[in-house]
Amino acid sequence: FGGASVAENAYFINGLNVTDFRNGLGGSTIPFEFYKEFQVKTGGYSAEFGRSTGGVINAVTKSGTNEWEFAANVYYTPESMGEQSSNILKRDGSLNNFNAADSFNKMDANISVGGPIIEDTLFFYVLYNPREITQEWASSGGSTFNENVTDDAFWGGKVDWHITDDHLLELTTFSDKRTTNTARWDYNHLTGTKTGKTNGTSARGGENISVKYTGYITDDFVISALWGKNEADLTDKSAFDANPVVYDNREGNWTPLGNWANFNVTTANDSREALRIDGEYTLDDHVIRFGWDSETNSSFDETNLSGGVYWALFSYDAGDKIGSIGHTFAEDAKVARKRTYSTGGEFETLSTAFYIEDTWTITDDITATIGLRNESFNNKNAQGESFVKITNQLAPRLGISWDVNGDGDSKIFANYGRYHLPVAANTNIRMAGAETYIHDYYIFDGTLGENDVPGTGELLGTQVNGDGTVPDVSEVLDTTIKPMFQDEFILGYQTMLNDEWSAGIKYTMRDLGSVIDDITIDKGIRAAGWADPGHNVYVLTNPATDVITYFDTDGDGT
């Protein structure tokens, strides 16, 4: 949206935020037939919306009416009607990417009904979406064959109760739970032979519910209140999760070995509980809107490597260096790297905001929008301590529109807005959990044991990125950190050419004022006397700014 990344958008369904708060990548997965309307806001949007530096999709689902409506459809995408990419060869004619085994097969159906329970008062709409998706592909080198099958149905419904002409209660509930059954075989792409099957499952999605009240208190005053909750499962598991991960990269291709199914064995889930109140008051030439919202986002994550270990094989030439352990090779060598990794804990992120905005009709031809949003974010670590806490972030939203000819056919408009992005919960999990992350580098002795575990010789060195403890917040965080925000300026002109055609021109400038990222502070703490043990030290900060943090450079515990 407008040049922002896929992780910077926000998604709302009937007023409930359904954005993936763990990493920002999308939101709840809804069939198109469940929707009634969309607002797509790419920029210049009001103070009502926040937690986004990209765009906003604000969607409304279908509702029942006094007229009974029934619908059904089926979409079928057969593998036989889709063509696959060609194999990709290297210049010497050897295989680079094997694509000939790729296939995709999808059946997607929708059955819906809507109508009155009590005419003029109580209505319902329900949709059932059975689906089956099968995807097959081989690894780039053609050494493994993979299959994913998903056959869970989506269901959703909405109930609208017009308690009186002035009071409305809406209930929305849906489930996008889905389980993908995965399978992998050793594969000979020359003969098409598959052997050594491993199975696994990946759970995604969850149940969602929201209740919204709207009251038309007077002709000039409307208020609404919403409570909602959504869940997402992120669990991957297999009967083969006791077997270690093994990859061979000696020839420059990542070729999986061994008898494992999931690289990461993860038990994880997210849950959001949301509350919001919005009001609108009309006073002469002013329409004043205001609101408050709060989100409590909870994440549980327990991640280990399959078998607790990840082995990788590499080739090094004489003179090559493994910088993380400070080892330079005197002669050509084969190396086995052993990764020990686990992380976990329960994490909570609190987000609150309130806003006020006035749409002021200054004259018949000039309208101004003056708004202010205040946002606070509190990301906590696995011990419940504030990891990143940023309060009272002010986000002004200003706009003006001039009806040039006074007939509604053309306008000149300008907007300014500031937009803040919360720190993704995955940052808490990755940097503020109890993490063990260790690399041991060995000389590979050329043998592969049970489940293709490499045989090892001399230990070349160890790189410790995490020792299994929850880090001190002050050691992993710049204490002067500021939120990620963006300033946006828009200037445009739009006119109706006739009853069917309009034309316009718009200039948008987005200035990313601050970003948050983890950086290494190795050079700074070496200068302060740190004896480098061979691993990097990361701090969450705003790049290109001064960093104020804490570190025990001399190892005396202070």
Side-chain angles (χ1 to χ4, degrees), residues 83-104 135-148 182-200 202 236 238 240-241 243-265 305-325 327-329 331-341 437 439-457 460 463:
E83 191 167 343
Q84 302 303 328
S85 300
S86 302
N87 294 334
I88 300 173
L89 305 179
K90 298 180 182 179
R91 290 183 180 180
D92 62 5
S94 61
L95 183 67
N96 188 71
N97 286 92
F98 181 72
N99 299 317
D102 295 359
S103 70
F104 181 82
Q135 185 175 12
E136 297 178 339
W137 73 99
S139 63
S140 59
S143 61
T144 60
F145 186 89
N146 305 273
E147 179 186 70
N148 286 353
T182 63
R184 194 189 72 189
W185 295 263
D186 293 328
Y187 186 59
N188 184 328
H189 71 276
L190 298 176
T191 62
T193 304
K194 297 186 290 185
T195 57
K197 182 180 181 181
T198 58
N199 295 300
S202 298
D236 299 322
S238 167
F240 296 84
D241 289 342
N243 300 330
V245 178
V246 185
Y247 269 100
D248 188 351
N249 192 43
R250 286 175 291 175
E251 302 299 325
N253 291 318
W254 290 94
T255 302
L257 304 177
N259 196 28
W260 53 276
N262 297 302
F263 185 95
N264 287 318
V265 180
L305 296 165
S306 183
V309 178
Y310 162 35
W311 289 96
L313 298 173
F314 301 95
S315 294
Y316 290 93
D317 297 329
D320 288 347
K321 182 177 181 179
I322 304 177
S324 59
I325 60 173
H327 181 83
T328 301
F329 291 91
E331 57 186 20
D332 295 354
K334 307 296 183 184
V335 171
R337 186 192 69 192
K338 175 185 176 183
R339 176 184 295 175
T340 305
Y341 176 82
Y437 191 170
H439 280 164
D440 294 309
Y441 291 85
Y442 298 90
I443 293 294
F444 175 45
D445 69 6
T447 64
L448 296 174
E450 185 179 359
N451 288 314
D452 291 333
V453 173
T456 59
L460 302 176
Q463 175 187 358

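None of these values were measured; they are calculated from a predicted model. Throughout, residue positions are numbered sequentially from 1 according to the sequence presented.
Under the salt bridge (Lys or Arg N to Asp or Glu O under 4.0 Å) criterion, the residue pairs touching residues 244-261 are D248-R250, with sequence neighbours excluded.
Rounding to the nearest 0.5 Å gives a distance of 9.0 Å between CG of N249 and CG of L313. Summarising the geometry, atom CD belonging to Q84 is positioned 5.0 Å from atom CG belonging to D102; distances are rounded to the nearest 0.5 Å. Taking CG from L460 and CD1 from I443, the interatomic distance works out to 4.5 Å, rounded to the nearest 0.5 Å. In this structure, the separation between CD on E450 and CG on N243 is 8.0 Å, given to the nearest 0.5 Å. Between E147 atom CD and W137 atom CH2 the span is 9.0 Å, to the nearest 0.5 Å. Between the CG atom in D440 and the CD atom in Q463 there is a gap of 10.0 Å [rounded to 0.5 Å].
Between Y442 and G457, the shortest heavy-atom distance links the atoms CD2-O, 3.7 Å. Taking both residues in full, the closest heavy atoms of S324 and Y441 are given as OG-OH, 3.8 Å, listed atom of the first, atom of the second, then distance. Residues F145 and A101 share a closest heavy-atom pair of CE1-CB, 3.7 Å. Across F98 and A138, no two heavy atoms sit closer than the pair CD2-CB, 3.6 Å.
N99 places a side-chain N or O within donor-acceptor distance of the main-chain N or O of S86, the cut-off being under 3.5 Å. For the pair N259 (side chain) and F240 (backbone), a donor-acceptor distance under 3.5 Å is absent.
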With a cut-off of 3.5 Å and sequence neighbours excluded, list every side-chain donor-acceptor pair involving residues 182-190.
from, atom 1, to, atom 2, distance (Å)
T182, OG1, G200, N, 3.4
T182, OG1, G200, O, 3.1
R184, NH1, W260, O, 3.3
R184, NH2, W260, O, 2.6
N188, OD1, L190, N, 2.9
N188, OD1, T191, N, 3.3

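With sequence neighbours excluded, the residues that form a ring pair (Phe, Tyr, Trp, His ring centres under 6.0 Å) with Y437 are Y341, H439. Under the side-chain hydrogen bond (donor to acceptor under 3.5 Å, both in side chains) criterion, S94 pairs with D92, not counting sequence neighbours. Taking T328 as the reference, K321 meet the side-chain contact (heavy atoms from CB on, under 4.5 Å) condition, with sequence neighbours excluded. Annotation: side-chain hydrogen bond (donor to acceptor under 3.5 Å, both in side chains) contacts of D452 (sequence neighbours excluded): none. For the ring pair (Phe, Tyr, Trp, His ring centres under 6.0 Å) test, residues two or more places apart in sequence or in another chain that qualify with F314 are W254. With sequence neighbours excluded, the residues forming a side-chain hydrogen bond (donor to acceptor under 3.5 Å, both in side chains) with T447 are D445, listed by chain and number. Looking at residues two or more places apart in sequence or on another chain, you find a side-chain contact (heavy atoms from CB on, under 4.5 Å) between N262 and D236, S238, D241. Under the side-chain hydrogen bond (donor to acceptor under 3.5 Å, both in side chains) criterion, T144 pairs with S139, not counting sequence neighbours. When the ring pair (Phe, Tyr, Trp, His ring centres under 6.0 Å) test is applied to F263, the partners found at least two apart in sequence or on another chain are Y310.
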- Task: Please assess N451 against W311 for the test side chain to side chain contact (heavy atoms under 4.5 Å, CB included), listing each intermediate value before the final yes or no.
- Result: CA-CA 11 Å; N451 288 314; W311 289 96; over 6 Å; no
- Message: side chain to side chain contact (heavy atoms under 4.5 Å, CB included) for K338 and V309? Distances and angles first, verdict last.
- Response: CA-CA 7 Å; K338 175 185 176 183; V309 178; 3.7 Å; yes
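Within the 4.5 Å cutoff, side-chain heavy atoms of L89 are placed close to those of L95. No side-chain heavy atom of L305 sits less than 4.5 Å from a side-chain heavy atom of V265.
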